[in-house]
Amino acid sequence: MPKRYWLLKSEPAVFGIDRLAAEPGARSAWTGVRNYQARNFMRDDMRIGDRAFFYHSSCARPGIAGIVEVTREAFPDPTQFDPSSEYFDPGASVERPRWLCVEVRLVRKTRPIGLEELRTHPELAGMGVLRRGNRLSIQPVDAAEWRFLCERLAAAEPA
DNA sequence: GCCAACGTTGGC
DNA sequence: GCCAACGTTGGC
């Protein structure tokens with residue numbers, strides 16, 4: 001099974017890339033996803049070893065901030081059971097969980113790649129995050145788009 | 001704050 | 001099951 005690529009959105013005011021970096025082992029459960037399409041991507045398609053861009057949304061400079069790797073496949077999102085969590089779902093139970101999360105590990109922070117930069121590359125025109133009105137917080141990324149962006153990053157960050 | 005997009009809810 | 005109203009996302 002070939003590795004897949006993703007884009008994971010997070011609001012830096014809620015959980016930014018530096019928060020992930022500060023977690024033990026730079027790992028964290030990716031909780032709080034409350035959209036069925038995004039949940040199904042995690043449940044059906046996300047596998048250990050898949051890689052994703054960590055994307056900052058709803059902030060002054062939205063864009064890619066780093067690269068993460070999936071380290072645990074989908075399991076029940078514990079925040080749905082926690083009445084004190086803003087992600088609490090009274091319709092979910094431990095016996096019948098509704099929402100899932102995966103665990104990710106920060107591979108590395110990257111230089112910020114803003115939306116405006118992403119838009120300058122015709123190679124990336126198909127990316128969901130560039131579509132206006134896009135709201136999906138977990139999006140698949142084509143292998144060609146992934147490769148293109150990694151090459152751009154490598155060019156800007158000579159070893 | 002505005003507004004486009006679009007998912008969810010609820011009356012029928 | 002339809003669909004209008006409503007709520008949320010997210011860039012600007």
Side-chain angles (χ1 to χ4, degrees), chain A residues 4-23 26 28-46 50-70 73-104 106-146 148-150 152-153 156:
Chain A
R4 293 199 190 215
Y5 302 99
W6 307 93
L7 181 143
L8 305 180
K9 284 192 215 170
S10 188
E11 300 183 25
V14 177
F15 190 88
I17 197 160
D18 290 327
R19 278 280 305 282
L20 177 59
E23 293 290 319
S28 175
W30 198 261
T31 59
V33 174
R34 294 296 180 268
N35 169 281
Y36 288 105
Q37 194 179 350
R39 181 202 67 180
N40 294 348
F41 278 136
M42 290 194 285
R43 183 190 61 194
D44 302 334
D45 300 314
M46 236 184 238
D50 282 2
R51 294 212 161 185
F53 291 120
F54 191 122
Y55 179 90
H56 280 161
S57 66
S58 287
C59 56
R61 297 173 55 230
I64 290 168
I67 292 172
V68 302
E69 180 173 48
V70 176
E73 294 183 7
F75 61 99
D77 178 345
T79 63
Q80 72 194 302
F81 309 127
D82 177 3
S84 70
S85 168
E86 64 172 309
Y87 301 115
F88 178 63
D89 184 345
S93 66
V94 175
E95 297 75 25
R96 283 179 166 273
R98 180 175 293 168
W99 303 110
L100 303 172
C101 58
V102 295
E103 182 192 71
V104 300
L106 180 64
V107 174
R108 63 189 179 97
K109 289 174 69 172
T110 63
R111 71 175 175 87
I113 306 181
L115 263 186
E116 71 287 350
E117 179 177 347
L118 293 175
R119 289 192 209 283
T120 62
H121 300 296
E123 294 88 343
L124 304 177
M127 289 188 77
V129 78
L130 300 185
R131 275 199 306 274
R132 111 201 214 94
N134 96 87
R135 294 164 53 184
L136 197 55
S137 65
I138 296 182
Q139 305 179 2
V141 172
D142 287 350
E145 293 162 351
W146 181 271
F148 178 82
L149 272 164
C150 287
R152 294 287 307 168
L153 285 166

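Each chain gets a letter, A, B and so on, in the order its sequence line appears, and its residues count up from 1.
- For Glu123(A) and Arg152(A), the salt-bridge test fails: no basic side-chain N is under 4.0 Å from an acidic carboxylate O.
- Under the side chain to side chain contact (heavy atoms under 4.5 Å, CB included) criterion, Thr79(A) pairs with Thr31(A), Arg34(A), Asp77(A), Ser85(A), Tyr87(A), not counting sequence neighbours.
- Taking each heavy atom of Arg98(A) and Asp89(A) in turn, the nearest pair found is NH1-OD2, 3.0 Å.
- Sparse packing is recorded around CZ of Arg61(A), with 12 or fewer heavy atoms of other residues, nucleotides or ligands lying under 6.0 Å away.
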Under 4.0 Å protein heavy-atom contacts per nucleotide of nucleotides 5-12 of chain C, with B for base, S for backbone only and - for none: --BBBBSS
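- Using the six-membered ring where Trp is involved, Phe54(A) and Trp30(A) have ring planes that are perpendicular, over 60° apart on the 30 and 60° scheme.
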